[in-house]
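These values consider heavy atoms only, across backbone and side chains, with no hydrogens, waters or symmetry-generated copies. Every chain is numbered from 1 and lettered A, B, ... according to where its sequence line falls, protein lines coming before strand lines.
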Amino acid sequence: MAGRVYTADPSQERTAVPLESLVAVYHARSGMTHLLAPPASEILEALGQGPGDADAILARLEAQYEMTGSGFREAISARLEELEASGLVQAK
Amino acid sequence: MSDEGLDGEGAGRASRRTVLAMGAIAASTVVTIRPAFAQAAGSVMNCQIPIPAPEAGAQNIAADGSLVAPGTPGSFPPAPRPITGEEAKALLNSGMSPPGMDGQQAQAYANYIRRLQAGTSGFTCYASLQMPR
(Lines give C-alpha, C1' and ligand atoms only; values in the text may rest on other atoms or scores of the structure.)
Protein backbone atom coordinates (compact mmCIF):
# COMPACT_ATOMS: atom_id res chain seq x y z
CA MET A 1 0.00 0.00 0.00
CA ALA A 2 1.52 3.29 -1.05
CA GLY A 3 1.15 5.96 1.62
CA ARG A 4 1.32 9.72 1.33
CA VAL A 5 4.68 10.94 0.08
CA TYR A 6 6.35 13.65 2.14
CA THR A 7 9.09 16.10 1.31
CA ALA A 8 11.17 18.42 3.47
CA ASP A 9 12.83 21.70 2.55
CA PRO A 10 16.59 21.47 1.94
CA SER A 11 18.56 21.37 5.19
CA GLN A 12 19.96 24.86 4.44
CA GLU A 13 16.45 26.16 5.14
CA ARG A 14 16.76 25.02 8.75
CA THR A 15 19.07 25.68 11.65
CA ALA A 16 19.09 22.85 14.16
CA VAL A 17 20.48 23.07 17.67
CA PRO A 18 20.58 19.91 19.83
CA LEU A 19 19.31 20.53 23.38
CA GLU A 20 20.11 17.32 25.26
CA SER A 21 17.55 14.85 23.94
CA LEU A 22 15.56 17.51 22.04
CA VAL A 23 16.42 19.45 18.92
CA ALA A 24 15.41 23.08 18.41
CA VAL A 25 14.82 23.72 14.71
CA TYR A 26 14.54 27.22 13.25
CA HIS A 27 12.72 27.10 9.91
CA ALA A 28 13.89 30.09 7.89
CA ARG A 29 11.06 30.04 5.37
CA SER A 30 8.29 30.32 7.97
CA GLY A 31 10.28 32.20 10.61
CA MET A 32 9.14 29.67 13.20
CA THR A 33 11.09 27.62 15.69
CA HIS A 34 10.06 24.12 16.76
CA LEU A 35 11.22 21.77 19.48
CA LEU A 36 11.44 18.20 18.22
CA ALA A 37 11.60 15.10 20.38
CA PRO A 38 12.73 11.73 19.01
CA PRO A 39 11.84 10.30 16.60
CA ALA A 40 10.56 13.48 14.86
CA SER A 41 14.04 14.93 14.37
CA GLU A 42 15.36 11.63 12.98
CA ILE A 43 12.40 11.43 10.58
CA LEU A 44 13.09 14.97 9.38
CA GLU A 45 16.71 14.02 8.85
CA ALA A 46 15.71 10.87 6.96
CA LEU A 47 13.63 13.00 4.60
CA GLY A 48 16.87 14.76 3.71
CA GLN A 49 17.63 11.75 1.50
CA GLY A 50 14.64 12.68 -0.66
CA PRO A 51 10.85 12.44 -0.65
CA GLY A 52 9.34 9.31 0.83
CA ASP A 53 6.27 7.73 2.36
CA ALA A 54 6.12 6.17 5.82
CA ASP A 55 7.48 2.86 4.48
CA ALA A 56 10.46 4.56 2.86
CA ILE A 57 11.21 6.52 6.03
CA LEU A 58 10.95 3.33 8.08
CA ALA A 59 13.48 1.65 5.79
CA ARG A 60 15.87 4.60 6.09
CA LEU A 61 15.58 4.67 9.88
CA GLU A 62 16.05 0.91 10.15
CA ALA A 63 19.23 1.20 8.12
CA GLN A 64 20.62 3.69 10.61
CA TYR A 65 19.12 2.96 14.01
CA GLU A 66 18.36 0.12 16.34
CA MET A 67 14.65 0.73 16.71
CA THR A 68 12.70 -0.10 19.82
CA GLY A 69 8.98 -0.08 20.44
CA SER A 70 6.19 -1.38 18.24
CA GLY A 71 3.93 -0.16 15.47
CA PHE A 72 6.82 1.59 13.73
CA ARG A 73 4.96 2.41 10.54
CA GLU A 74 1.95 3.87 12.37
CA ALA A 75 4.20 5.86 14.69
CA ILE A 76 6.12 7.27 11.72
CA SER A 77 2.86 8.22 9.97
CA ALA A 78 1.71 10.03 13.10
CA ARG A 79 5.04 11.90 13.37
CA LEU A 80 4.93 12.84 9.67
CA GLU A 81 1.47 14.31 10.17
CA GLU A 82 2.78 16.33 13.11
CA LEU A 83 5.73 17.56 11.08
CA GLU A 84 3.37 18.49 8.27
CA ALA A 85 1.17 20.47 10.67
CA SER A 86 4.25 22.37 11.84
CA GLY A 87 5.18 23.26 8.26
CA LEU A 88 8.53 21.48 8.42
CA VAL A 89 7.47 18.89 5.85
CA GLN A 90 4.93 18.89 3.06
CA ALA A 91 2.76 16.06 1.79
CA LYS A 92 2.60 15.63 -1.96
CA MET B 1 22.41 4.16 25.96
CA SER B 2 24.53 1.53 24.26
CA ASP B 3 23.52 -1.52 22.37
CA GLU B 4 25.94 -4.22 23.45
CA GLY B 5 26.22 -7.24 21.27
CA LEU B 6 25.84 -5.42 17.98
CA ASP B 7 29.39 -4.21 17.70
CA GLY B 8 31.33 -6.06 15.09
CA GLU B 9 28.29 -7.87 13.85
CA GLY B 10 28.13 -8.00 10.06
CA ALA B 11 30.62 -6.31 7.79
CA GLY B 12 29.43 -3.18 6.01
CA ARG B 13 27.02 -2.37 8.77
CA ALA B 14 27.66 0.59 11.03
CA SER B 15 29.71 -0.71 13.93
CA ARG B 16 27.71 1.29 16.48
CA ARG B 17 24.01 1.79 16.01
CA THR B 18 22.12 4.34 18.03
CA VAL B 19 18.93 3.21 19.68
CA LEU B 20 15.85 5.08 18.50
CA ALA B 21 12.74 4.70 20.62
CA MET B 22 9.69 5.09 18.44
CA GLY B 23 7.38 5.98 21.30
CA ALA B 24 3.60 5.87 21.38
CA ILE B 25 1.60 6.90 18.34
CA ALA B 26 -0.32 9.47 20.36
CA ALA B 27 2.79 11.04 21.95
CA SER B 28 3.32 14.52 20.59
CA THR B 29 6.89 15.19 19.50
CA VAL B 30 6.71 18.59 17.79
CA VAL B 31 6.15 21.80 19.73
CA THR B 32 6.23 25.18 18.04
CA ILE B 33 7.84 27.59 20.45
CA ARG B 34 7.89 30.83 18.54
CA PRO B 35 5.17 32.18 16.28
CA ALA B 36 5.68 34.00 13.02
CA PHE B 37 6.76 37.21 14.75
CA ALA B 38 10.32 35.92 14.57
CA GLN B 39 10.20 36.65 10.87
CA ALA B 40 8.85 40.14 11.49
CA ALA B 41 11.79 40.80 13.80
CA GLY B 42 14.18 39.67 11.08
CA SER B 43 12.72 41.98 8.46
CA VAL B 44 11.97 44.96 10.70
CA MET B 45 14.94 46.98 9.51
CA ASN B 46 13.70 46.75 5.93
CA CYS B 47 10.05 47.64 6.50
CA GLN B 48 8.72 51.11 5.68
CA ILE B 49 6.34 53.62 7.20
CA PRO B 50 4.70 56.05 4.76
CA ILE B 51 3.91 59.43 6.38
CA PRO B 52 1.07 59.91 6.15
CA ALA B 53 -0.48 56.59 5.12
CA PRO B 54 -1.59 56.71 1.45
CA GLU B 55 -5.19 56.15 2.53
CA ALA B 56 -5.08 59.45 4.49
CA GLY B 57 -4.72 61.45 1.29
CA ALA B 58 -2.67 64.64 0.96
CA GLN B 59 -2.69 65.82 4.56
CA ASN B 60 -0.06 67.59 6.60
CA ILE B 61 1.38 66.40 9.89
CA ALA B 62 0.96 68.62 12.96
CA ALA B 63 3.71 68.80 15.59
CA ASP B 64 1.76 66.39 17.81
CA GLY B 65 1.57 63.88 14.96
CA SER B 66 -2.09 64.36 14.08
CA LEU B 67 -3.24 64.81 10.49
CA VAL B 68 -4.31 68.31 9.52
CA ALA B 69 -5.30 70.13 6.35
CA PRO B 70 -2.49 71.27 4.05
CA GLY B 71 -1.42 74.82 4.89
CA THR B 72 -2.26 74.56 8.59
CA PRO B 73 0.22 76.80 10.43
CA GLY B 74 2.94 74.89 12.24
CA SER B 75 2.29 71.68 10.31
CA PHE B 76 4.69 69.79 8.08
CA PRO B 77 4.21 68.44 4.59
CA PRO B 78 4.11 64.67 4.03
CA ALA B 79 7.47 62.95 4.27
CA PRO B 80 9.21 63.03 0.88
CA ARG B 81 9.73 59.26 1.11
CA PRO B 82 8.66 56.49 3.48
CA ILE B 83 10.77 56.18 6.64
CA THR B 84 12.47 52.81 6.98
CA GLY B 85 12.20 50.65 10.09
CA GLU B 86 15.83 51.37 10.90
CA GLU B 87 15.32 55.15 10.64
CA ALA B 88 12.11 54.97 12.69
CA LYS B 89 13.90 53.06 15.41
CA ALA B 90 16.71 55.64 15.60
CA LEU B 91 14.17 58.47 15.53
CA LEU B 92 11.95 57.04 18.28
CA ASN B 93 14.73 55.81 20.54
CA SER B 94 17.31 58.57 20.25
CA GLY B 95 15.64 61.41 18.34
CA MET B 96 17.94 61.05 15.31
CA SER B 97 16.35 62.67 12.25
CA PRO B 98 16.28 60.61 9.07
CA PRO B 99 18.57 62.04 6.38
CA GLY B 100 17.05 65.05 4.62
CA MET B 101 14.54 65.90 7.36
CA ASP B 102 15.02 68.63 9.93
CA GLY B 103 14.56 68.12 13.67
CA GLN B 104 11.08 69.59 14.20
CA GLN B 105 9.72 67.94 11.10
CA ALA B 106 11.21 64.60 12.16
CA GLN B 107 9.71 65.00 15.64
CA ALA B 108 6.26 65.54 14.15
CA TYR B 109 6.77 62.37 12.09
CA ALA B 110 7.89 60.51 15.24
CA ASN B 111 4.66 61.57 16.95
CA TYR B 112 2.70 60.43 13.90
CA ILE B 113 4.39 57.01 14.09
CA ARG B 114 3.56 56.71 17.80
CA ARG B 115 -0.11 57.33 17.02
CA LEU B 116 -0.31 54.69 14.31
CA GLN B 117 -3.15 52.28 14.82
CA ALA B 118 -3.76 48.74 13.65
CA GLY B 119 -4.91 48.69 10.06
CA THR B 120 -2.99 51.84 9.07
CA SER B 121 -0.11 51.53 6.62
CA GLY B 122 3.13 51.26 8.54
CA PHE B 123 1.53 49.95 11.73
CA THR B 124 2.93 46.44 11.40
CA CYS B 125 6.37 47.94 10.88
CA TYR B 126 5.97 50.14 13.98
CA ALA B 127 4.61 47.23 16.04
CA SER B 128 7.55 45.06 15.13
CA LEU B 129 9.92 47.84 16.28
CA GLN B 130 8.49 47.42 19.77
CA MET B 131 9.42 43.77 20.00
CA PRO B 132 12.30 42.76 22.24
CA ARG B 133 15.13 41.41 20.12
So, taking the atom named [atom1] in [X] and the one named [atom2] in [Y], what distance separates them when rounded to the nearest 0.5 Å?
{"X": "B:Thr29", "Y": "A:Leu44", "atom1": "OG1", "atom2": "CG", "value": "10.5 Å"}
{"X": "A:Glu42", "Y": "B:Met22", "atom1": "CD", "atom2": "CE", "value": "9.0 Å"}
{"X": "A:Met32", "Y": "B:Thr32", "atom1": "CE", "atom2": "OG1", "value": "5.5 Å"}

Check for me, please, whether [X] and [Y] land in the same ILVMFWY cluster - side-chain distances under 4.5 Å, paths through other members count.
{"X": "B:Ile51", "Y": "B:Val68", "result": "no"}
{"X": "B:Tyr109", "Y": "B:Leu67", "result": "yes"}
{"X": "A:Leu35", "Y": "A:Val25", "result": "no"}
{"X": "A:Val5", "Y": "A:Phe72", "result": "no"}
{"X": "B:Leu92", "Y": "B:Ile83", "result": "yes"}

When the 4.5 angstrom heavy-atom criterion is applied to A:Glu62 and chain B, the contacting part is backbone

- Query: Does any heavy atom of chain B fall under 4.5 Å from the side chain of A:Leu22, the backbone, both, or neither of them?
  - Reply: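 Looking at A:Leu22, nothing touches chain B.
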
In terms of heavy-atom pairs under 4.5 Å with chain B, the winner among A:Arg79, A:Glu74, A:Met67 is A:Arg79

Pair count under 4.5 Å, heavy atoms only, with chain B: among A:Ala75, A:Gly87, A:Ala78, A:Ala24, highest is A:Ala75

Practice prompt. Identify the two heavy atoms, one from B:Val30 and one from A:Glu82, that lie closest to each other, and give their separation to 0.1 Å.
Written response: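 Scanning both residues, the minimum pair turns out to be N-OE2, 3.2 Å.
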
Q.
Give me the atom names and distance for the closest heavy-atom approach of A:Thr68 to B:Ala21.
A.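 Heavy atoms only, the tightest pair is OG1-CA, 3.3 Å.
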
**Message:** For the CD atom on B:Glu55, are there more than 12 heavy atoms of other groups (residues, nucleotides or ligands in this structure) within a distance under 6.0 Å?
**Reply:**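 Atom CD in B:Glu55 is packed in, count exceeds 12.
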
For atom CD of B:Gln104, is the number of surrounding heavy atoms from other residues, nucleotides or ligands below 6.0 Å larger than 12?
-> no

